[in-house]
Amino acid sequence: MVSAQLERAKEAGFVTLVAEPLFGQDTAQWRCVTGPQWGWCPEFPMTELSPPIEPLLMRVARGDADAVRDCLDRYGPLVWSVAKRAWSDLGTIEDVVQEVFIDVWKSAERFDPSKASEATFIATIARRRVIDRRRRMGRAPSHELIEESSASVEDAGLAEVDLGDEASLARRAISELKPDQRRVILMSVVEGLTHPEIASATGIPLGTVKSHIRRGLDQAAQRLRSGRRTDR
Amino acid sequence: MTSFADWDDQTLDLCVEQFTVGLNGDGEATLGRLADPSDVEEFERAVAAVHLALLEEVEELPAAFRERLEQSGRRQVSLKAPAEHAGTTTVPHIVPPSVFPSVSPGTKLIAVSGWLIAASLLLILLPFGRNKRDVITMRDTLVADASDLVRAAWTATEDPAAAGASGEVVWSSARQEGYMRFEGLEPNDRAEGQYQLWIFDPTRADWEAKPVDGGVFDVPASGSAVVPIDPKLTVAETALFAITLEVPGGVVVSERERLVLTATPAL
């Protein structure tokens, strides 16, 4: 039954689909990865799905100005949120977000749906900008950020935010980590703290911090790779 | 192809550092030797996916800011179509984007009057050479197609790095695209310092104090280079282009200690 549905979806123009169990439910739901709809597709039957739609970044690449509006609708909150976790100054956040989207418009031609979702592609650009700016402005993590990340670690990553199939796979990999491991990864990846800063804020030995981050990210990377291969 | 599982601790550590806090030039070079670039890129995407997975909530863009973003984005994107028909393609920048603009409160600001005075004192104009054929092709396409092209010759300051230097800058605000050409500019040692472009946009608030960062770049031993401009903010108009020599990686705000070249577009 499932494979027949999958075949029909592929024939209808869905490049890739991932079957993912709903949280707390036994039934599966289909999720379009590079196909016509981003996010959770309607549950079966697949015939209710709309015809294939060109990925947004491909529209950007061929000069469709309306794709800018759609792209900002879909990914603006993502980029804004990534920048906002890094800085509290509104001017800096706006500058970074603007820089990210200038890069997105410029590099849309490089988007390859076989390698990453649009959300991951854009998040990669956003992270480069954030890391680069942090290095150039000097590093000064606030206690507020450290405390916030520490306080929210238990729930981190469990929110139902539709951000792409890779994020779902990564979320699954992270959910398998111990709370301390998740905590340091959150502080490293989202808050951008250095290893010594994390060790200082948490009291976890520096070597353990490094090990947690290394192991967690490696595990997520391998999970994503195997997920993508399975998907092909 | 190697896999992440095959990476030794050093490779994995470098990769983690690169995509969490960033590596310096030496670290990047070492990572480049140790790992397949496609694996490194895949790892970077994985870190981005982890970031997405850890986002607890997302917040809408402020309406006024979103409107500005959309307007500038529409201008930038709508100009891609003719470029495609012309057969052009995007090529990598000579220097990867790695610098950022904007001015932090309380930091020393650049006084444009000083730049303008320096510009007015200069008079050298020489032919320029070429390198990086694909970039030159893009530059030539821009020069041929852009209806709003701004073109200005570099003039050298008294800085020793500029002795005998010449070239020009071309820029299209509609396309948010531009290129610099240099001849005879002193080669830089990336470990010691890098050149950085500043664009003075008179439509921006406090523009004289806060020029737009146009990117950092290197000049090879030949002294000749063609460099794409990499503005970190949208540039609507150009009153002055200026090149400084800064610390490796560039700066957010220039102290203007090494002003090397300037170019003033005709009114």
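The basis for the numbers below is simple: all heavy atoms, side chains too, and nothing from hydrogens, waters or symmetry mates. Order of the sequence lines sets the chain letters (A, B, ...), proteins ahead of strands, with each chain counted from 1.
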Nearest-0.5 Å distance, [atom1] of residue [X] to [atom2] of residue [Y]:
X: K115(A); Y: R45(B); atom1: NZ; atom2: CZ; result: 6.0 Å
X: F101(A); Y: L61(B); atom1: CZ; atom2: CG; result: 6.5 Å
X: D95(A); Y: D213(B); atom1: CG; atom2: CG; result: 11.0 Å
X: L233(B); Y: Q98(A); atom1: CG; atom2: CD; result: 5.0 Å
X: T120(A); Y: H51(B); atom1: OG1; atom2: NE2; result: 12.0 Å

Check ion pair [X]-[Y] (N to O, under 4.0 angstrom):
X: D230(B); Y: K106(A); value: yes
X: D39(B); Y: R225(A); value: yes
X: E44(B); Y: R128(A); value: yes

If you look at every heavy atom in [X] and [Y], which pair is closest and at what distance?
X: E59(B); Y: W80(A); result: OE2-NE1, 3.6 Å
X: S81(A); Y: L55(B); result: CB-CD2, 4.4 Å
X: T124(A); Y: A48(B); result: OG1-CB, 3.4 Å
X: G73(B); Y: W105(A); result: CA-NE1, 3.3 Å

Given heavy-atom pairs under 4.5 angstrom as the criterion, report whether the side chain, backbone, both or neither of [X] touches chain A.
X: R75(B); result: neither
X: E17(B); result: neither
X: Q176(B); result: backbone

May I ask you to name which of I213(A), D73(A), V100(A), I93(A) has the most heavy-atom pairs under 4.5 Å with chain B?
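Max contact count across the listed options: D73(A).
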Top residue by heavy-atom pair count (under 4.5 Å) with chain B, among L217(A), V97(A), V79(A), I125(A)?
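Result: the option with the highest number of such pairs is L217(A).
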Between N24(B) and R135(A), does a side chain to side chain contact (heavy atoms under 4.5 Å, CB included) hold up when you go through it step by step?
CA-CA 10 Å; N24(B) 59 24; R135(A) 286 176 63 83; 4.0 Å; yes
Quick one, V47(B) with R127(A), criterion side chain to side chain contact (heavy atoms under 4.5 Å, CB included). Give me CA distance, side-chain angles, the key distance, then yes/no.
CA-CA 9 Å; V47(B) 177; R127(A) 286 188 53 77; 3.6 Å; yes
Checking the side chain of T20(B) only, and the main-chain atoms of V189(A) only, is there a donor and an acceptor separated by less than 3.5 Å?
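Not confirmed, T20(B) side chain does not pair with V189(A) backbone.
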Expected output: side-chain Q76(B) to main-chain I102(A) donor-acceptor under 3.5 Å
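Pair found, side chain donor or acceptor close to backbone of I102(A).
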Determine, step by step, whether K210(A) and D13(B) satisfy the side chain to side chain contact (heavy atoms under 4.5 Å, CB included) criterion, reporting the C-alpha distance in whole Å, the side-chain angles of both residues, the deciding distance to 0.1 Å, and the verdict.
CA-CA 8 Å; K210(A) 289 182 179 178; D13(B) 282 344; 5.7 Å; no
Passes side chain to side chain contact (heavy atoms under 4.5 Å, CB included), R59(A) versus V77(B)? Steps please.
CA-CA 9 Å; R59(A) 290 171 53 201; V77(B) 168; over 6 Å; no
So do V50(B) and R171(A) actually touch side chain to side chain, heavy atoms under 4.5 Å?
no
So which part of R69(A) gets closer than 4.5 Å to some heavy atom of chain B, the side chain, the backbone, both or neither?
both
